[in-house]
Amino acid sequence: MRYNQFLTEAVNTHLYHIEEDIIRNGLVGAKSAVRYLFGLVDMLEGDQNADARATVKWDGAPAIVCGKDPLNGKFFVGTKSVFNSKNPKINYSFQDIDRNHPGGGLNKVLKYAHRYLSKLNIQGVVQGDLMFIPGMLQPERIDGEAYLTFTPNTITYAVQKGSKLYDQITKAKIGIVFHTKYEGDALDSLSAQFGVDVAEFGSDSNVWYDDAFFKDVSGRATFDQKESLALKTAIQKIDQLTDAVPMPLWMKLSTNKDFVQYMLQFINKEIKGGKMTTDPKQMMQKYINYYRDIQAQAKDKLKTDQAKGKRDQAVAIMGKLFAENEQGIAAIIRIHNATISVKNKIIQQLNALQSTKQFIKTNQGYEVTNPEGYVAIDSDGQAVKLVDRLTFSKANFNAQKQWAQDTQVS
């Protein structure tokens with residue numbers, strides 16, 4: 001892979017889960033998923049020319065956008081609101097922060113960001129996720145070991161006392177992981193590129209920062225030959241299964257707004273419940289029941305018989321679509337579920353080596369967890385999310401934003 005090729009996209013474009021692309025874009029999405037999976041297995045075999053590379057999704061918040069304004073060369077900080085077309089909230093000074101973000105935790109976060117990130121040699125515009133500021137760092141004993149912890153969002157990161165990273169973070173006033181750079185002549189027309197080269201940012205003991213690229217320092221995270229063969233065989237089966245779906249059905253479903261919208265909503269509902277049905281026939285029936293319930297709820301709020309009739313008609317059309325294409329839709333569901341299975345095995349391998357330990361706080365104390373997930377970038381510059389959604393996304397639906405707590409700047 002040519003690592004200087006990264007995703008170029010419009011500002012604030014949303015990244016989708018790799019399996020969502022199969023529902024949204026049909027055959028193109030399925031073939032894209034196959035390409036990503038093969039590339040990631042190649043990467044984890046140690047292939048330097050693999051067609052995919054992974055970045056770690058650090059679970060930080062809020063998103064911080066900073067750097068030199070292309071129009072005037074002045075350093076600024078902000079959130080994604082710096083890209084607002086009508087009222088961009090660009091902060092060149094503390095006074096700007098007070099005007100654009102009066103009071104609360106975000107005001108103080110941005111003041112820390114302005115004070116300390118301005119001392120780095122950041123050229124251009126970059127984006128990162130805040131990991132900590134003073135007041136968010138807490139000494140903890142977990143399983144008898146001493147750690148320094150911070151919880152910017154859902155995951156609690158724990159750095160073992162005595163490690164090099166512990167010493168760096170102890171001295172720092174702010175921690176941030178950079179993952180995106182922006183290019184262009186003005187803030188309202190920048191394009192985003194995943195991947196930030198932080199080598200030229202310089203050093204300041206007040207700032208702990210890193211890029212988001214997955215790093216296998218020890219070599220323990222790579223697949224052996226047997227593991228790679230098993231995964232590549234599974235991916236080949238996914239690829240072959242795409243031929244079991246007639247092309248007209250791929251087109252019909254990917255262009256059916258109701259199918260795409262409500263199938264994705266249905267899957268999210270399953271994830272929130274903590275368990276997703278894997279049997280294709282059961283999943284199809286549960287989806288039809290879900291769709292029928294959604295339309296019935298909407299129908300109850302309508303007044304005219306004509307409007308109510310359209311809801312009944314929509315249910316009948318969806319039921320007929322499934323009944324007439326049962327085998328093809330079942331094959332798409334198998335492709336979707338098999339993609340999740342291979343994705344999760346790749347995630348498990350990526351999780352094998354991390355510089356910090358991660359936990360989720362529960363009523364019973366800390367529970368060990370893995371990183372939020374990863375972003376896979378292919379050699380054509382496209383990107384998708386890799387998240388074990390049943391273990392992380394469920395917890396993240398009701399995440400507490402720790403950065404929003406009031407913290408005094410020092």
Side-chain angles (χ1 to χ4, degrees), residues 14-42 51-52 230-271 275-292 294-295 313-347 376 378 380 382-390:
H14 181 68
L15 278 180
Y16 296 109
H17 297 279
I18 186 172
E19 66 272 15
E20 284 185 328
D21 209 23
I22 298 164
I23 305 299
R24 293 179 180 277
N25 294 313
L27 181 60
V28 172
K31 292 293 186 181
S32 174
V34 167
R35 187 178 69 251
Y36 279 117
L37 295 175
F38 271 128
L40 288 166
V41 173
D42 286 340
D51 285 333
L231 280 180
K232 287 185 175 180
T233 299
I235 299 167
Q236 286 170 351
K237 289 181 179 178
I238 295 173
D239 197 21
Q240 292 167 0
L241 194 54
T242 62
D243 295 331
V245 184
M247 178 61 75
L249 181 59
W250 278 118
M251 294 295 295
K252 186 181 294 185
L253 292 177
S254 62
T255 57
N256 185 315
K257 292 182 179 180
D258 265 19
F259 171 78
V260 172
Q261 176 183 345
Y262 292 107
M263 178 58 81
L264 293 174
Q265 286 183 9
F266 164 71
I267 291 170
N268 278 338
K269 179 176 178 289
E270 292 275 282
I271 292 167
K275 184 178 180 181
M276 192 167 73
T277 305
T278 56
D279 179 81
K281 288 189 176 180
Q282 290 182 12
M283 193 167 173
M284 290 167 67
Q285 187 57 56
K286 289 185 73 173
Y287 167 77
I288 289 296
N289 293 340
Y290 172 79
Y291 183 76
R292 184 185 297 116
I294 289 292
Q295 296 302 329
Q313 186 180 21
V315 172
I317 291 172
M318 188 66 71
K320 183 180 179 182
L321 175 64
F322 272 58
E324 292 179 347
N325 299 279
E326 182 177 343
Q327 290 186 345
I329 295 175
I332 291 174
I333 291 173
R334 284 196 293 272
I335 292 167
H336 175 273
N337 294 345
T339 297
I340 292 175
S341 178
V342 174
K343 174 196 74 172
N344 286 344
K345 290 175 182 176
I346 290 172
I347 289 173
D378 71 11
D380 293 327
Q382 303 300 309
V384 292
K385 288 192 291 190
L386 303 172
V387 178
D388 184 346
R389 300 175 73 191
L390 282 177

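We count residues from 1, following the sequence as given.
A 4.5 Å side-chain heavy-atom check between Phe38 and Ile235 finds at least one atom pair inside the cut-off. Under the 4.5 Å side-chain criterion, counting only non-hydrogen atoms from C-beta, Trp250 is in contact with Ile332. Using a 4.5 Å heavy-atom threshold, the side chains of Ile267 and Met283 count as touching. Side-chain contact between Ile294 and Phe266 is absent, with no heavy-atom pair separated by less than 4.5 Å. Contact of the Tyr262 side chain with the Gln295 side chain is registered, since non-hydrogen atoms from C-beta on lie closer than 4.5 Å. Taking the side chain as every heavy atom from C-beta outward, Lys232 and Asp42 approach each other to under 4.5 Å. Taking 4.5 Å as the limit, some side-chain heavy atom of Leu386 sits within range of a side-chain heavy atom of Leu40. Considering only heavy atoms from C-beta on, Leu241 stays 4.5 Å or farther from Lys237 through its side chain.
In this view, Lys252 satisfies the salt bridge (charged side-chain N to carboxylate O under 4.0 Å, His left out) rule with no residue, not counting sequence neighbours. Residues satisfying the side chain to side chain donor-acceptor pair (under 3.5 Å) test with Arg292, not counting sequence neighbours, are Asn289.
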- For the pair Ile23 and Phe259, evaluate side-chain contact (heavy atoms from CB on, under 4.5 Å) and give the outcome as yes or no after the intermediate values. CA-CA 8 Å; Ile23 305 299; Phe259 171 78; 4.1 Å; yes
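Remark: the backbone N or O of Gly328 is not paired with any side-chain donor or acceptor of Asn325 at under 3.5 angstrom. In terms of modelled atom types and a separation under 3.5 Å, the side chain of Glu20 and the main chain of Leu264 share no donor-acceptor contact. In this structure a side-chain-to-backbone donor-acceptor pair under 3.5 Å is present from Tyr36 to Ala383. Not a single donor-acceptor pair under 3.5 Å links the side chain of Ser32 to the backbone N or O of Val28.
In this structure, NE2 in His336 is found 12.0 Å from OG1 in Thr278, a value given to the nearest 0.5 Å. Ile346 contributes atom CD1, which lies 5.0 Å from atom CG of Leu37 (distance to the nearest 0.5 angstrom). For the atom pair CD1 (Ile347) and CZ (Arg389), the distance works out to 10.5 Å, reported to the nearest 0.5 Å. Atom CE of Met251 is separated from atom CG of Leu27 by 9.5 Å, given to the nearest 0.5 angstrom. Atoms CG and CG, on Asn25 and Leu253 in that order, are 12.5 Å from each other to the nearest 0.5 Å.
The pair Lys343-Asp388 does not meet the salt-bridge criterion, since no charged nitrogen lies less than 4.0 angstrom from a carboxylate oxygen.
Aromatic ring orientation, Tyr287 versus Phe322: parallel (interplanar angle below 30°, classes split at 30° and 60°).
Around atom CD of Gln265, more than 12 heavy atoms belonging to other residues, nucleotides or ligands sit under 6.0 Å away.
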